[in-house]
2 protein chains.
Amino acid sequence: MTTLKTNRLYQGDCIDILNGMPAESVDMIFADPPYNLQLGGDLLRPNNTRVDGVDDAWDRFDGFADYDTFTRAWLGACHRVLKDSGTLWVIGTYHNIFRVGTALQDLGFWVLNDVVWCKTNPMPNFRGTRFTNAHETLVWCSKGAEARYTFNYEAMKALNEGLQMRSDWTLPLCTGPERLKDDQGRKMHPTQKPESLLYRIILASSDPGDVVLDPFLGSGTSAAVAKKLGRRWIGIERDARYLVAARERIAAVEPVADVTLLRTPRKRTEPRVPFGVVVERGLLPPGSMLSDASGRWSARVRADGTIISAEHRGSIHQVGAAVQGAPACNGWTFWHMRADTGSLVPIDLLRQRVRAELAPAATVLS
Amino acid sequence: MTTLKTNRLYQGDCIDILNGMPAESVDMIFADPPYNLQLGGDLLRPNNTRVDGVDDAWDRFDGFADYDTFTRAWLGACHRVLKDSGTLWVIGTYHNIFRVGTALQDLGFWVLNDVVWCKTNPMPNFRGTRFTNAHETLVWCSKGAEARYTFNYEAMKALNEGLQMRSDWTLPLCTGPERLKDDQGRKMHPTQKPESLLYRIILASSDPGDVVLDPFLGSGTSAAVAKKLGRRWIGIERDARYLVAARERIAAVEPVADVTLLRTPRKRTEPRVPFGVVVERGLLPPGSMLSDASGRWSARVRADGTIISAEHRGSIHQVGAAVQGAPACNGWTFWHMRADTGSLVPIDLLRQRVRAELAPAATVLS
DNA sequence: CACCGAAGTGAATCATTCC
DNA sequence: GGGAATGATTCACTTCGGT
């Protein structure tokens, strides 16, 4: 149990290999486990108790019980290596995703979202017996209800051109040149995931330099995209043939050189500016009148950076909350001042001016 | 245990009432059980108004084990009354759908599809902490792997303008005049489902004259649509107040003769393509240089789909406008990239490629 | 009456830092 | 660790009132 080695591949059973890694050392896990498409397959059969000749219902339950055992084992191993601030993604279909989701919840994982990947080009249902199976489901979860986790909200919003990213993603299947082929021209891996899917996942829930682990690496999509996006990566795969293909694929990836292009700054990381500094710098003299956008409430600025309304005195946040009868209020955006043009503008403009003096950078357009 | 009475409502616990019905007598069941939302305190919108969430007693459970017990009990009762040729639909979210799906499989139900209802107008995530929860999940299943069941493939294909109906359905929430209100003008039921959703479900998986049962009737959407579509119906609801509203609603329904009237045209407008999707799909890697046609201005592509010039950062449209000092700019035609031939071509070519992949888009029932 | 802006609302597991 | 303070945060659509 030494330090974590990153940017490398492991061959073997993921449970064994995960158990050999240090606890709480990984920032994000993406897992694309076997889907249990045929029940009672070659998954994990610790002691084969299956009896020939049982009726269908029992056989089915036996199949699910085996799958559940397997699922809880690898999810438990993932739980151990995941940092408390880390998150886990699992992808699946109706064959297995209910088992996975139930296991996640029973193991204490806290579901943050289920995300549906709607395929632009799914395989049709040839026999006309069901709806075209046109989506897969991802479950995204933290280690617990109270855990802090990384969610690059602003990056996702930017990626969606200014609108919040939703839980339904429309993306094409992995086809064309992106699809790995063997030397016979046949597809190398039956369920290779598209890079666009991993791009969104990794960008959303990790930061540059973070460790991204995939316990069922397959064709290596997650590691390839992690490398491209400046993350460290770890891949585990049982099949030597897949591992060879993945290694070659990952080696060919050129990371994005400029880290500043990878990060979308978060508002919370901007320097904190007390309102008193705005007054102190003369951007708003004591005695100035403030009001909310509708002009319903007003207050006056005091020399110490507090404000006073008809009935309340305190910080811009406290008075804003008090006049509204609300539990909280962002005074920077609630309170407005009269601009030279005569219109009401939020006092947050003054904070932006103070920040611009502190750290000049490219103007962010919004 | 007499013959089945149809076109009527029952008040009481659905398990008791189902157990009083004859076995194998119902053709289709639609169930919208409590979701076990586990909400914390109040949630405030950015304007400090309160979200009217689900805080009703019927959605409170004492943990997952309690919820599982409840789920298996009512699903078991449904299994008994369902004909061998019948199918069952259950709707839920990530709070409960994994528990439901696991219980269904353990009880021997055979999953035919999971269907995602993508909402055109979901409630946003007000705190920027997760992806917008924009869908709910339906599980559709028969009584066993060998069971024969009703699936009106042609009707679904016709409803989708000649294309196979997919497993992802894009439909709006129930709002406006369709939403039942009490005499105070407040919503009658916190989770009333849209009739468009039930149209599709009932049309797909039952025939005229079939018996459609809903063990958690609520505001009565399923029974109202079943009556409209010429099916027999049975509703079970515990709350007398909901039952009164549902009875009145169902009584007002006129069955329709011509089902083809329900067909709706494909949305004609071209799908919106955020520039970020072009980056995400690898059509233009982060770090790529863009310039205008004359080469006078340039900018670089960031991982989140924004671009950055010497002085500005923002969307392709925003930065295009800013460098020109113009009020607005179509970034798709303003910005160019260097093609393999060495010539500058507009990035709109990339949007056209994405749109070509999106061509078979989802239809919207209006 | 048409048009426009303000207000309301929907199954929601909805914060972080400092002292 | 607990409590107080700061301050971040919304999309699509309907309804209603004013001009």
Side-chain angles (χ1 to χ4, degrees), chain A residues 105 109-114 141-142 144-149 151 153-154 157 160 162-167 266-270 272-276 293-294 314-318 320-321 326-335 346-348 351, chain B residues 32-56 58-61 64 91-97 117 119-137 170 172-179 181 185-187 189-194 216 218-219 364 366:
Chain A
Q105 291 173 324
F109 283 103
W110 189 248
V111 178
L112 299 168
N113 280 111
D114 60 331
C141 46
S142 66
E146 310 301 329
R148 301 282 172 83
Y149 57 93
F151 176 54
Y153 174 76
E154 291 83 1
K157 192 171 173 178
N160 198 30
L163 295 180
Q164 285 188 342
M165 187 66 79
R166 299 166 40 116
S167 58
R266 311 197 60 181
K267 287 219 174 151
R268 287 193 190 278
T269 62
E270 293 190 64
R272 202 174 72 87
V273 177
F275 180 66
S294 69
S315 74
I316 53 172
H317 314 295
Q318 290 167 333
C329 168
N330 180 346
W332 291 109
T333 52
F334 178 76
W335 293 110
I347 59 174
D348 199 45
R351 181 171 62 165
Chain B
D32 182 11
Y35 286 8
N36 188 26
L37 284 186
Q38 311 161 71
L39 300 181
D42 279 351
L43 176 62
L44 297 179
R45 301 167 192 273
N47 66 2
N48 264 327
T49 60
R50 189 179 149 275
V51 173
D52 184 13
V54 177
D55 58 354
D56 307 72
W58 49 255
D59 196 45
R60 286 197 279 271
F61 293 86
F64 283 125
I91 186 168
T93 60
Y94 65 83
H95 306 85
N96 72 322
I97 200 66
W117 166 30
K119 304 174 183 180
T120 57
N121 49 348
M123 186 159 72
N125 181 296
F126 294 116
R127 297 301 171 105
T129 54
R130 303 177 178 193
F131 299 100
T132 303
N133 215 328
H135 74 276
E136 296 192 20
T137 302
T170 302
L173 292 171
C174 179
T175 59
E178 187 186 323
R179 188 94 197 197
K181 302 280 168 49
R186 295 169 306 201
K187 57 187 176 191
H189 192 279
T191 71
Q192 183 178 343
K193 294 295 174 286
F216 304 99
S219 58
V364 175
S366 56

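Naming: A, B, ... by sequence-line order, numbering from 1 per chain. Scope of the values below: all heavy atoms of this structure, side chains included, with no hydrogens, waters or symmetry mates.
Spacing between atom CZ of B:R50 and atom C1' of D:dT9 amounts to 18 Å, rounded to whole angstrom units. One atom, CH2 of A:W335, and another, P of D:dG7, lie 16 Å apart when rounded to the nearest Å. Here the P atom of nucleotide D:dC11 and the CG atom of B:N47 are 13 Å apart, to the nearest Å. Atom CD1 in A:I347 sits about 13 Å away from atom P in D:dT6, given to the nearest Å. Remark: P of D:dC11 and CE of A:M165 are 12 Å apart, rounded to the nearest angstrom. For the pair A:R268 CZ and D:dT6 P, the interatomic distance rounds to 14 Å; values are reported in whole Å. Rounded to whole Å, atom C1' of D:dA12 lies 9 Å from atom CG of B:L173.
Note on B:N133: only backbone sugar-phosphate atoms sit closer than 4.0 angstrom, heavy atoms only; bases stay farther off. Using a 4.0 Å heavy-atom cutoff across all strands shown, A:S315 reaches sugar-phosphate atoms only and no base atom. Note on B:N36: nothing from the nucleic acid sits closer than 4.0 angstrom, heavy atoms only. Note on B:T191: a base of the nucleic acid sits closer than 4.0 angstrom, heavy atoms only. If you check every strand for non-hydrogen atoms under 4.0 Å, B:G41 touches a base. No engagement by B:G40 is indicated, since no non-hydrogen atom pair under 4.0 Å with the nucleic acid exists. A:E146 comes within contact range of no nucleotide atom at all, as no heavy-atom separation falls under 4.0 Å. Counting non-hydrogen atoms under 4.0 angstrom, B:P194 reaches nothing in the nucleic acid. Base contact: B:W58 has a heavy atom under 4.0 Å from a base atom. Looking at heavy-atom distances under 4.0 Å, B:R186 makes no contact with the nucleic acid at all. Using a 4.0 Å heavy-atom distance criterion, B:L39 is classed as a base contact. Residue A:C329 is classed as a base contact, given a heavy-atom separation below 4.0 Å to a base. A:A145 comes within contact range of no nucleotide atom at all, as no heavy-atom separation falls under 4.0 Å. Heavy atoms of B:P122 sit under 4.0 angstrom from at least one base atom.
Pairing for C:dT9 is with D:dA12, a Watson-Crick or G-U wobble pair whose two hydrogen-bonding atom distances lie under 3.5 Å. The base-pairing partner of D:dA4, taking Watson-Crick or G-U wobble contacts with both distances under 3.5 Å, is C:dT17.
If you take atom P in C:dC18 and the same atom in D:dA8, they sit 13 Å apart, rounded to whole Å. C:dC14 and D:dT6 are spaced 24 Å apart, taking the P atom of each and rounding to whole Å. For D:dT9 and C:dA12, the C1' atoms lie 14 Å apart once the distance is rounded to whole Å. D:dG7 and C:dG10 have their C1' atoms separated by 26 Å, with the value rounded to a whole Å.
Between the side chain of B:T93 and the main chain of B:E136, no donor-acceptor pair closer than 3.5 Å is present. Between the B:R60 side chain and the B:D55 main chain, a donor and an acceptor come within less than 3.5 Å of each other. Side chain of B:N47 to backbone of B:T49: a donor-acceptor contact under 3.5 angstrom is found. Distance alone, capped at 3.5 Å, places no donor-acceptor pair between the A:W110 side chain and the A:A147 backbone.
Nearest-nucleotide assignment on DNA chain C puts the 5′-proximal partner with B:P33, out of B:P33 and A:A328. Map A:Q318 and A:T333 each onto its nearest nucleotide of DNA chain D; the residue landing nearer the 5' end is A:Q318. Heavy-atom nearest nucleotides on DNA chain D were determined for A:R166 and for A:P327, and the one closer to the 5' end corresponds to A:P327. Residue B:K119 is the one, among A:R272 and B:K119, whose nearest nucleotide of DNA chain C lies closer to the 5' end (criterion: closest heavy atom).
A salt bridge links B:K187 to B:D52: one of the charged nitrogens lies within less than 4.0 Å of a carboxylate oxygen.
In this structure, C:dT13 is classed as syn because its glycosidic torsion stays within 90° of zero.
The footprint of chain A on DNA chain C, defined by a heavy-atom cutoff below 4.0 Å, extends from C:dT13 to C:dT17.
In this structure, the side chains of B:Y35 and B:V54 stay at 4.5 Å or more apart for every pair of heavy atoms. In this structure, the side chains of A:K267 and A:Y153 stay at 4.5 Å or more apart for every pair of heavy atoms.
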*Between A:H317 and A:W332, does a side chain to side chain contact (heavy atoms under 4.5 Å, CB included) hold up when you go through it step by step?*
CA-CA 8 Å; A:H317 314 295; A:W332 291 109; 3.6 Å; yes

*Decide side chain to side chain contact (heavy atoms under 4.5 Å, CB included) for B:F64 and B:N36; before the verdict, give the C-alpha distance in whole Å, the side-chain angles of both, and the deciding distance to 0.1 Å.*
CA-CA 9 Å; B:F64 283 125; B:N36 188 26; 4.1 Å; yes

_Stepwise side chain to side chain contact (heavy atoms under 4.5 Å, CB included) check, B:T120 with B:T170_ = CA-CA 6 Å; B:T120 57; B:T170 302; 3.6 Å; yes

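The side chain of A:H317 sits closest to D:dG7 out of D:dG7, D:dA8, D:dT10.
Considering only side-chain N and O atoms, B:N121 lies nowhere under 4.0 angstrom from the phosphate OP1 or OP2 of D:dC11. Regarding contacts with the backbone of D:dT10, a side-chain N or O of A:K157 is found under 4.0 angstrom from either OP1 or OP2.
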